[in-house]
Every structure is written in C-alpha cells, then in structure tokens.
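In what follows, a single structure is set out as structure tokens and then discussed.
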Amino acid sequence: MASTAPPTDRPPRYWLMKSEPDECSIDDALAAPQHTVPWTGVRNYQARNFMRDDMQVGDGVLFYHSSCPEPGIAGIARVASATRPDPTQFDPESPYFDPKSPTDRPRWLLLDVQALRKTPLISLAELRAVPALAEMRVLQRGNRLSITPVTDAEWARILTLV
DNA sequence: GCCAACGTTGGC
DNA sequence: GCCAACGTTGGC
C-alpha cells in the first residue's frame, strides 16, 4: 500500500541543528526549492551517528543560528530524508573536504532538512532564562555538538516561546 | 580576538 | 591503550 507515512511508526523525536547563518540561514532554507537543504558539513562522529541511527523523516528540528552576532533558535524545521553520503567530503575545493574519507566507504553523511517556518529569534539568554530548559544540551557548558537531541518537554516548551 | 572546552591525532 | 599536542568550535 502506498503511503506518505514516515518509515517507522515510532513517535517523532526532536533535534536541535546548528547552522552558521553566513552559510545557511533559516531564510536561505525557506528560499530553497521545497524549503529543503542538504545538511552538509557534519564532521563529528557523534553528530553523524545521530543522523544515521536516530533521526527519521518527520522528526522535528530547531533551526539554530551559531557563530553569528545573534546566536539562537531561528526557525522550525523537519527531517526530510534518510542519510546519504555528503558529497562535499570528496570535493577538494570544499572547506569540508576530507582526504581521509574512502570513496567506496564514505565517512560522512548528510540528510535533508525542510524549513517549516521562521520564528522570532530566541536568543541564548532567553533560553537560559527558562528554568524548564536548564538541562537542554545546547545550553550545557562546553557543548559543541552541532546536532543534539531535544526532549519532548523541551520541544513543547520552546514552541510556547515562538 | 580571546579563550575554555572538547575531539582528534599520533608517538610511544 | 595512554596521553600530550594540536586544531576546532563558538560564545563573548
């Protein structure tokens, strides 16, 4: 039977994904065809494994702007594909080129992210001011992961802020 | 530009 | 497998 349902029937999970707005902002993603962009450039094994093992089509995404004048949550998105090899790892012209990645066994993956809407920016300071979000991964000291899980409760609380 | 935190690399 | 050196991230 044909279906547009996600590949499994598990409930959606939620994620926060960091993007430098100079490279791909929420506006860039919304301007892309189908509002969808390939999430290139993940070069951390833990983040890769989240994509490969835990993220599924339909999962919710907090689109986070990092390394910019106003870091924070800038929009809502969804996971829009399964993983596939990230072509930039094989492109010597790309800043994400990885000469150690074997072409027959690509080390790095990406998936598509579909932007759903832009939100008023929720700054780090605003996030930190919400007691219910105190345990959020992205707010923990020294956190550098570009993809982090978001709990159901954190997701629901953030949606009340946007 | 600073610097704390963390991941990766590579010699042993 | 240890661990020091190094590179990167990312807020400030």
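All values below were derived from every heavy atom in this structure, side-chain atoms included, with hydrogens, water molecules and symmetry-related copies excluded. Proteins get letters first, then strands, A, B, ... in listed order; numbering begins at 1 in each. Computed from a prediction, not measured in an experiment: that's the story for all the values here.
- As a whole-Å value, the separation of A:Y45 OH from B:dC6 C1' is 16 Å.
- A:R137 has its CZ atom 16 Å from the P atom of C:dG11, to the nearest Å.
- Taking atom CD of A:Q140 as the reference point, atom C1' of C:dT9 lies 17 Å away to the nearest angstrom.
- The side chain of A:N44 lies closest to B:dG7 when the candidates are C:dG11, B:dG7, C:dG10.
- In summary, the side chains of A:T88 and A:D91 do not present any donor paired with an acceptor at a separation below 3.5 Å, with no hydrogens or angles considered.
- Nucleotide C:dG10 holds its P atom 18 Å from the CD atom of A:E70, rounded to whole Å.
- For the pair A:K18 and C:dT9, the criterion of a side-chain N or O lying under 4.0 Å from OP1 or OP2 is not met.
- To the nearest angstrom, P of C:dT9 lies 8 Å from OH of A:Y96.
- Residue A:Y64 places at least one side-chain N or O under 4.0 Å from the OP1 or OP2 atom of C:dG11.
- Taking atom CG on A:L145 and atom P on C:dT9, their separation rounds to 12 Å, with Å as the unit.
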Practice item. Tell me, with the steps shown, if A:D98 and A:R107 meet salt bridge (charged side-chain N to carboxylate O under 4.0 Å, His left out). Key: CA-CA 9 Å; A:D98 181 357; A:R107 182 178 293 188; 3.5 Å; yes
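- Below the 3.5 angstrom threshold, one finds a donor paired with an acceptor across the side chain of A:R144 and the base of C:dT8.
- In this structure, A:M136 places its CE atom 13 Å from P of C:dG11, rounding to the nearest Å.
- Regarding A:Q46, its CD atom lies at a distance of 14 Å from the C1' atom of B:dT8, rounded to whole Å.
- No side-chain heavy atom of A:L139 sits under 4.5 Å from any side-chain heavy atom of A:E154.
- Residues A:F63 and A:A29 approach most closely at CE1-CB, 4.0 Å, considering heavy atoms.
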